[in-house]
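Every number for a ligand or one of its atoms is a count from 1 in the order of the listing.
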Amino acid sequence: MSKRKHLVAPSVLSADFAHLYDDIAMVNQSEADWFHIDIMDGVFVPNISFGFPVLASIAHYARKPLDVHLMITDPDKYIKQFKAAGADNITVHLEACTHLNRTVHAIKELGCTAGVAINPSTPVALLHEIVEDVDVVLIMSVNPGFGGQKFIETTYRKIRELRDLAAGRNDGLLIEIDGGISNHNALALLKAGADVLVAGNFIFAAKNPVHAIAELKRITPDLISM
Ligand code: DX5
Ligand code: ZN
C-alpha cells in the first residue's frame, strides 16, 4: 500500500513572540509544510493566545499555508475574520459547535479548507456524520490549551479508528495530530495513519529548529510498513 508523504506543521504558539519574524523566516526556509496557528479564547480552553492582528502579521510574512486551530467557543462568529486575516485552513472543535455541519460548510464557502478537531476524551465515532464533509480531522493528543504537554497514548487507537471510519467515504482526508509530538513518537503516529504532524516544543525548543523539522520530515513512507 502506498502512502502519501506526510506534512509537518510547526506550532507558532511555541515561537518567541518578541522575535516572531525570525521564527516565521525560519519556518519559511525549512522543510515545514504549514504554519500551525493556535487561537485560544480563555473560555473553551484555560489559556489565551493571540488574535487577528497577530495572525494578519504572520500571514504577511508566511510563505506557507496557515493552518488555524480555533480553540474558541462559537467559532461561527469569527470565521470570516479569520479568513480575512489570512487563514487557509480553519479547524473548529467539535465540542464547541452546536451546528457542526453548518460551520464546516460556512468555512468552505469562504474558500478555506475545513477541519474538525476532537479533544482526547471525545470518541472518533462522533465524527460519523461529518467525515465526508471535512478536509482535515485534528486529533488532539493532549488536552488543548498549552504547548509542551505529555502525549496521550490512546491517540494511536483513535487514528486507526478514524482511518477505518473514513475508508471509502473520504479517502483524501488528512488526519492531523497535535500535542506532545517529537522524534520519539512520530514514526508510530505515521504508522497508525497520521498525515500531518503538528509540533511546537520539539521544534522551537530545539537547538536547531530547522534540523528538528527536517528530522520529522525525514521519516519516510518507505520506513513505514502498513
Ligand atoms: C495545544 C495546541 C498545540 C500546541 C502543541 O493546545 O493546540 O498546537 O501548541 O505544542 P507541543 O508540540 O509543544 O505539544
Ligand atoms: Zn493546535
Side-chain angles (χ1 to χ4, degrees), residues 6-17 20 23-24 26-27 30 32-51 54-55 58 62 64-73 75 82 87-96 107 112-122 134-156 158-159 174-190 194-207 209 211-213 215-217 219:
H6 65 277
L7 309 179
V8 170
S11 173
V12 172
L13 189 65
S14 296
D16 179 348
F17 286 99
L20 192 48
D23 284 341
I24 296 167
M26 180 281 290
V27 174
S30 77
D33 298 280
W34 297 348
F35 285 82
H36 183 82
I37 315 279
D38 291 302
I39 307 288
M40 305 177 180
D41 67 354
V43 179
F44 182 70
V45 288
N47 198 5
I48 296 174
S49 58
F50 52 82
V54 174
L55 176 60
I58 294 171
K64 298 176 179 185
L66 301 189
D67 172 35
V68 177
H69 176 195
L70 298 184
M71 284 159 277
I72 64 174
T73 57
F82 282 111
D88 293 287
N89 178 71
I90 298 179
T91 291
V92 295
H93 265 265
L94 179 147
E95 303 86 359
I107 292 170
C112 292
T113 55
V116 170
I118 56 170
N119 284 333
S121 65
T122 300
V134 293
D135 302 285
V136 176
V137 169
L138 189 164
I139 298 178
M140 285 305 303
S141 41
V142 298
N143 288 294
F146 305 93
Q149 300 183 86
K150 192 175 171 299
F151 178 83
I152 296 172
E153 298 288 327
T154 50
T155 305
Y156 299 115
K158 292 177 84 172
I159 297 170
L174 293 177
I175 300 181
E176 180 173 14
I177 314 301
D178 184 8
I181 294 179
S182 70
N183 53 351
H184 293 298
N185 53 18
L187 178 60
L189 288 165
L190 297 174
D195 301 296
V196 186
L197 303 178
V198 175
N201 197 59
F202 175 70
I203 290 171
F204 288 97
K207 248 200 205 119
H211 286 183
I213 292 167
E215 199 179 347
L216 293 180
K217 279 296 282 184
I219 301 163

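With ligand atoms numbered from 1 in the order given, ligand 1 contributes 6 (O) to contacts under 4.0 Å with heavy atoms of Pro144. Close approach to Gly179 involves these atoms of ligand 1, each under 4.0 Å from a residue heavy atom: 14 (O). Under a 4.0 Å criterion applied to the non-hydrogen atoms of His69, ligand 1 contributes the atoms 7 (O). For ligand 1, the atoms lying closer than 4.0 Å to a non-hydrogen atom of Met71 are 6 (O), 7 (O). Near Met40, the atoms of ligand 1 lying under 4.0 angstrom from a non-hydrogen atom of the residue are 6 (O). Numbered from 1 in the order shown, with element, the atoms of ligand 1 that lie under 4.0 Å from a heavy atom of Leu13 read 9 (O). Heavy-atom proximity to Ala199, at under 4.0 Å, picks out these atoms of ligand 1: 12 (O). Heavy-atom contacts of Gly148 reach the following atoms of ligand 1: 11 (P), 13 (O), 14 (O) (cutoff under 4.0 Å).
From the protein, the heavy atom lying nearest to atom 1 (C) of ligand 1 is Phe146 O, 3.5 Å. Nearest to atom 14 (O) of ligand 1 among the protein's heavy atoms is Gly180 N, 2.8 Å. Nearest protein heavy-atom neighbour of atom 6 (O) of ligand 1: Gly145 N, 2.7 Å. Of all protein heavy atoms, the one closest to atom 12 (O) of ligand 1 is Gly200 N, 2.8 Å.
Checked options Val8, Thr91, Leu138; the residue passing with His36 is Leu138 (criterion: side chain to side chain contact (heavy atoms under 4.5 Å, CB included)).
Of all heavy-atom pairs between Ala186 and Leu216, the closest is CB-CD2, 3.9 Å. The two residues Asn119 and Met140 make their nearest non-hydrogen contact at CA-CB, 4.1 Å. Summarising the geometry of Glu215 relative to Phe202, their closest heavy-atom pair is OE1-CZ, 3.8 Å, with the distance given to 0.1 Å. Residues Ala212 and Ile203 share a closest heavy-atom pair of CB-CA, 4.1 Å.
The line from CG of Leu66 to CZ of Phe35 is 7.0 Å long, rounded to the nearest 0.5 Å. Annotation: the span from Lys158 atom NZ to Ile152 atom CD1 amounts to 8.0 Å, rounded to 0.5 Å. Considering CD1 of Ile175 and OG1 of Thr155, their distance stands at 12.0 Å, rounded to 0.5 Å.
Protein N/O/S atoms closer than 2.8 Å to the Zn ion (ligand 2): His36 NE2, Asp38 OD1, His69 ND1, Asp178 OD2.
If you look at Phe202 next to ligand 1, there are no close heavy atoms at all, none under 4.0 Å. Under 4.0 angstrom from ligand 1, the non-hydrogen atoms of Asn201 come from both its backbone and its side chain.
No donor-acceptor contact under 3.5 angstrom links the side chains of Asp67 and His69, judged on distance only. Judged by distance alone, the side chains of Ser11 and Asp178 never bring a donor and an acceptor atom under 3.5 Å apart.
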Original post:
Can Asn143 and Val45 be said to form a side chain to side chain contact (heavy atoms under 4.5 Å, CB included), step by step?
Top reply: CA-CA 9 Å; Asn143 288 294; Val45 288; over 6 Å; no
**OP:** In sequence, state the C-alpha distance, the side-chain angles, and the governing distance for Lys217 and Asp33, and then conclude on side chain to side chain contact (heavy atoms under 4.5 Å, CB included).
**Re:** CA-CA 9 Å; Lys217 279 296 282 184; Asp33 298 280; 2.9 Å; yes
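Side-chain contact between Ile118 and Glu95 is present, with heavy atoms from C-beta onward closer than 4.5 Å.
Counting only non-hydrogen atoms, the option in Ser182, Ser11, Gly147 that gets closest to atom 9 (O) of ligand 1 is Ser11. Around atom 8 (O) of ligand 1, the closest heavy atom drawn from Asp178, Asn143, Asn47 belongs to Asp178.
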